[in-house]
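From a predicted model like this one, the values you see are computed outputs, not experimental measurements. Here is the naming used below: chain letters follow the sequence lines, and residue numbers restart at 1 for every chain.
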Amino acid sequence: MTVADRIAAFRAALEEWLRGLYHGMITHPAYEKIEKEAEDAEDAFMLACFPDAFGIPSPVSYYTAELLPYLEDEFEAWERRLWDRDSLIERKGQQYHF
Amino acid sequence: MEQFVFFGGKGGVGKTTVSCAYGYKCANAGLRTLVVSTDPAHSVSDVFDQSFGDDPAPVEGVDGLDAMEIDPDDEVQRHLSEIREGLSEQVSAAMVNEINRQLEMSHGTPGAYEAALFDAFVGVMREEGEPYDRVVFDTAPTGSTLRLLGLPEFLGDWIDRLMYKRKQSIDLFEKAAIGDMEARRMMEGDPVLARLEDRKEFFEFAGEALREDAAFFLVLNPDQLSVNETERAIEAFADRDLAVRGLVANKLTPEPDDDEEGRGARYLREKVATERERIGQVEEGFDPPLLAAIESRTREVRGDLLEEVATELDVDPAPPERA
């Protein structure tokens, strides 16, 4: 193996590491953060659509019920998140991997 | 003149009688007329002595007059089963029960009945009412009618907010999809947004039709309660930027002949005097003009009596100016 080859191999490995590091430190947390935020926004939407699930009568629940057939995934995920959501701090804190 | 005419008023003042008489008058004036009742008690059937369903059917013996009756309870059931159908097509069996529970809950809320009624109203204005020159609505008692008429604006705002929230979350999901990852939700072709958009248009249509193509009349009886309620109703209509076109006084006591002096005649005379006072109060105190004063009948108004009442009803059925 020539020196040039070894340098090339080293650079390839380094590049991969750097990419991984960048992904792990920057992109992935960012993606997670945004997705969590999106989920929160979706929860707010679901809550506005179906407040009667919590015993709060809504003037539009008759109409929003029409959306139910299209909201299967959202509905399931919403319920799941409601079950295992801890405090807001904990949810917001999940994005920092200590 | 507007295509849609609403008769409202306190319960029991004779809205159905007046609406039917008005429909009769319109039909006689050569207008294709449809009388729509939303009273589950089916009183239009009683007036015309013929049963009607939720499709327009011609009234026997009157040319150009059709009638239909909407039962809000049926509407709620229909809506429910429509969604259920969609549910079984779209949703996996495991989730159906879960969602079904939610669905039933939303159709059991107090607003469901009103929403169904509103849907039915607007549906008639949009579709069934199309071939008619005049559609006469015999509405539910004042309170709920007013709430009903206030719905388009209120619900329109609500739907706007829902759409905003939905868009926000989809937008975030799209942003969360980095590189060639697929977003969990896409703005384009989102069925939920499409449904909300449909609803929004529906409410906009309703709001516009009520503002532009509808006339409102209030029916009252010559007693203090009814007059007071009418006063409140006129104010409430004004609050919603809807003007009451006119008032119709119904069930006036007939005056006895001068030479009668019995106990019955005295009773009637006194009653007529009080009623005059109330009517005077209405004529002077209220802005919308009193268009007709209909005398009380000893029999229920139906058949030939309807014609008499229609003659007394001085509401102009002028043909609408249609573009």
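Environment of OH in B/Tyr164: sparse, with no more than 12 heavy atoms of neighbouring residues, nucleotides or ligands closer than 6.0 Å.
Of the two parts of B/Arg166, the backbone and the side chain both hold a non-hydrogen atom closer than 4.5 Å to a non-hydrogen atom of chain A. Residue contact with chain A, scored on non-hydrogen atoms closer than 4.5 Å, is absent for B/Arg161.
Chain A forms more heavy-atom pairs under 4.5 Å with one residue of B/Leu162, B/Val76, B/Leu155 than with any other, namely B/Leu162. With respect to chain A, the highest number of heavy-atom pairs below 4.5 Å among B/Met105, B/Arg101, B/Arg199, B/Arg84 belongs to B/Arg199.
In this structure, the ring of B/Phe118 has its center no less than 6.0 angstrom from the ring center of A/Tyr63.
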Indicate every side-chain donor-acceptor pair of residues 7-18 of chain A with a distance under 3.5 Å to a residue at least two apart or in another chain.
none

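In summary, B/Arg78 and B/Glu75 engage in a salt bridge, as defined by a charged side-chain N under 4.0 Å from a carboxylate O.
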